[in-house]
Colleague: 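Have a look at this one before I ask anything.
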Protein chains: 2
Amino acid sequence: MNLTKRIKRPTLHEELVERLRNLVVEDALKPGEKVPEKDLCESFGVSRTPLREALKVLASEGLVVLQANRGARVAEVTPEELEKTFPVIAMLEQLAGELACKNLSDAGIASIEKRHEAMVKAFHARDIKSYFQANQDIHAALIEGARNDILESHHRLLAARVRRARFMVNLSDERWAQAIQEHEQMMDKLRERDADGLGRLMKMHMMNKYAAHIKALSDKPEHSDQS
Amino acid sequence: MNLTKRIKRPTLHEELVERLRNLVVEDALKPGEKVPEKDLCESFGVSRTPLREALKVLASEGLVVLQANRGARVAEVTPEELEKTFPVIAMLEQLAGELACKNLSDAGIASIEKRHEAMVKAFHARDIKSYFQANQDIHAALIEGARNDILESHHRLLAARVRRARFMVNLSDERWAQAIQEHEQMMDKLRERDADGLGRLMKMHMMNKYAAHIKALSDKPEHSDQS
DNA sequence: TGACTGAATTATGAATTCATAATTACGTTT
DNA sequence: AAACGTAATTATGAATTCATAATTCAGTCA
């Protein structure tokens, strides 16, 4: 009798890390906002000890910042941070593309292809929600297809931080169309299993996304103090 | 009266994260070894609370692994992990090389040059200790010269994990000489501020380092059970 | 009225306590 | 003697308590 399956009862603090991370990434806790231990403890029904452990982890991930004797604040998403984060993500995506071409099975590629079609359909239907989900799925599948958990975990960390930026701007229709085109090209390379090609495209895709963010930010009138 | 300088009194847990990380990276705590909270609490003179917070952070950095109700163990350094980590570091070094060429001042380059000479001297004197230190300084200076703290923090995380591998093998004289040569080429590119060139070289340097590790591991007789 | 002082309150960092899971030690049975 | 089962011990996860830093708020004085 070999029960390889382990009974998984996550510890409180692991659970909390996950839930808190979601609150931050999904913008339920807004950047700059202070994270009141007491309130969260009550709403989660736990004591401060595991919650504080979770906050330490979130801090090491860069999602919150701790100030001694002043508690935790949700980390801001600044243009400077984006400027520094995107190039790093772009490099990781490049590597992911290269490795995915080598390590994905034909079935894996077919699965991505299906999601790609769903994404294109969502684009034509202007269904932002579905588009966003499909897009995220595709990228996640490519990263996972690289079969490199170190790469995956670091990518996830950075992606979480950057994903919060989507609440700062709304992407233009032009950028949306361009992104679809880039994805088409990526699919071509993936089908051909052109590792270098896909890597280059994924890196470029990410830097173009960054450029679009920058542009959207500069176009945004808000915060321009001269009225 | 503007005292921008803040009195910095690190919290206990920050201090502990640092000290524990050192113990792990410097191999005072051996891979696979269990980390007994009680003993460490005594030797550091702190209670379990901040120590456990520190362990959670170390775990999120991948230096220890936590098992529910079974405490913490120092993470193993496996060939599989190295295989996955080195390509990621290599990409980050490539980016660092590109950015360093753009962002380092002439004085910064001169400073690296000086360390490079010290390293070469240590090589000819076969002074491994000094060599290792100078080498590490150079890489750190290049990373820092990239002026990208996101890149820097992720690189530091990965470098810490990989650095532990040096206790697994001893590098060959051939590899040592080759590494020096690679560094010479890197210095050339840096002087010319050839961003792409330096990036490529740094990536290659890292992958060659990996290859040398693999070779040294396979040459190593230990653990080959047939006696 | 408005800025400053200092006490009261609150929130935080860290130690301690408590409940329980894991490990060890021991005794029993075959 | 070896293997199993059970009790004692230890280690861990989480709650609670305690000390102190930060913040709030009321009162004072210019």
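All values below were derived from every heavy atom in this structure, side-chain atoms included, with hydrogens, water molecules and symmetry-related copies excluded. A note on names: the letters A, B, ... follow the listed sequences, proteins ahead of strands, and every chain is numbered from 1.
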Colleague: Do Glu14(B) side-chain atoms and Thr11(B) backbone N/O form a donor-acceptor pair below 3.5 Å?
Modeller: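 Yes: the side chain of Glu14(B) pairs with the backbone of Thr11(B).
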Colleague: By the ring-ring contact (aromatic ring centres under 6.0 Å, His included) test, which pairs, at least two apart or in different chains, include something from residues 67-91 of chain A?
Modeller: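 Matches after skipping sequence neighbours: Phe86(A)-Tyr210(A), Phe86(A)-His213(A).
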Colleague: Where along residues 33-42 of chain B does a heavy atom come under 4.0 Å from DNA chain D, residue by residue in number order?
Modeller: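 By residue number: Glu37(B), Lys38(B).
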Colleague: In whole Å, I'd like the distance from the CD atom of Glu53(B) to the P atom of dT12(C).
Modeller: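 Taking atom P of dT12(C) as the reference, CD of Glu53(B) is at 13 Å.
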Colleague: Measure from the side-chain heavy atoms of Arg70(A) and tell me the nearest of dA14(C), dA15(D), dA22(D).
Modeller: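 Between dA14(C), dA15(D), dA22(D), the one nearest the side chain of Arg70(A) would be dA22(D).
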Colleague: Looking at Asp149(A) and Glu152(A), would you say the former's side chain and the latter's main chain have a donor-acceptor pair under 3.5 Å?
Modeller: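 No; judged by distance alone, with no hydrogens or angles, the pair does not exist.
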Colleague: Please determine whether any donor N or O and acceptor N or O are separated by less than 3.5 Å between the side chain of Thr49(A) and the base of dA15(D).
Modeller: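 Yes, the side chain and the base share a sub-3.5 Å donor-acceptor pair.
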Colleague: Can you tell me how far C1' of dA21(C) sits from CG of Asn69(B), to the nearest Å?
Modeller: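 From Asn69(B) CG to dA21(C) C1': 5 Å.
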Colleague: Round to a whole Å and report the spacing from CG of Leu66(A) to C1' of dA14(C).
Modeller: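 Spelled out: CG on Leu66(A) to C1' on dA14(C) is 15 Å.
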Colleague: Can you tell me the distance, in whole Å, between the CG atom of Leu51(A) and the P atom of dT12(C)?
Modeller: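 Rounding to the nearest Å, CG of Leu51(A) and P of dT12(C) are 10 Å apart.
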Colleague: Centroid separation under 6.0 Å, is that true for the rings of His205(B) and His139(B)?
Modeller: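 Aromatic pair counts; centres sit under 6.0 Å.
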Colleague: Taking CZ from Arg48(A) and P from dT10(C), how many angstroms apart are they, rounded to a whole number?
Modeller: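 Arg48(A) atom CZ is separated from dT10(C) atom P by 15 Å.
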Colleague: Please give, in whole Å, the distance from dA11(C) P to Gln67(A) CD?
Modeller: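 Rounded to whole Å, this separation is 16 Å.
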Colleague: For a salt bridge (Lys or Arg N to Asp or Glu O under 4.0 Å) check, start with the C-alpha distance between Glu37(B) and Arg48(B), then their side-chain angles and the critical distance, and finish with the verdict.
Modeller: CA-CA 7 Å; Glu37(B) 297 183 358; Arg48(B) 280 176 58 221; 2.7 Å; yes
Colleague: Give the rounded distance in Å between these two atoms: CZ of Arg73(A) and P of dA22(D).
Modeller: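 Atom-to-atom, Arg73(A) to dA22(D), this comes out as 14 Å.
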Colleague: Whole Å only: how far is the CZ atom of Phe44(B) from the P atom of dA15(C)?
Modeller: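 One finds 13 Å between P of dA15(C) and CZ of Phe44(B), rounded.
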Colleague: Is it the case that the side chain of Asn103(B) and the backbone of Ala146(B) share a donor-acceptor pair, with hydrogens and angles ignored and the cut-off at 3.5 Å?
Modeller: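 Yes, the answer is positive, given that a donor and an acceptor are paired below the 3.5 Å cut-off.
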Colleague: If you count the non-hydrogen atoms of other residues, nucleotides and ligands that lie under 6.0 Å from CZ in Arg166(B), is the total more than 12?
Modeller: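 More than 12 heavy atoms, drawn from other residues, nucleotides or ligands, come within 6.0 Å of this atom.
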Colleague: Taking the minimum atom-to-atom distance to the side chain of Pro50(B), which one of dA14(D), dT23(D), dA15(C) wins?
Modeller: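 Minimum distance to the Pro50(B) side chain belongs to dA15(C).
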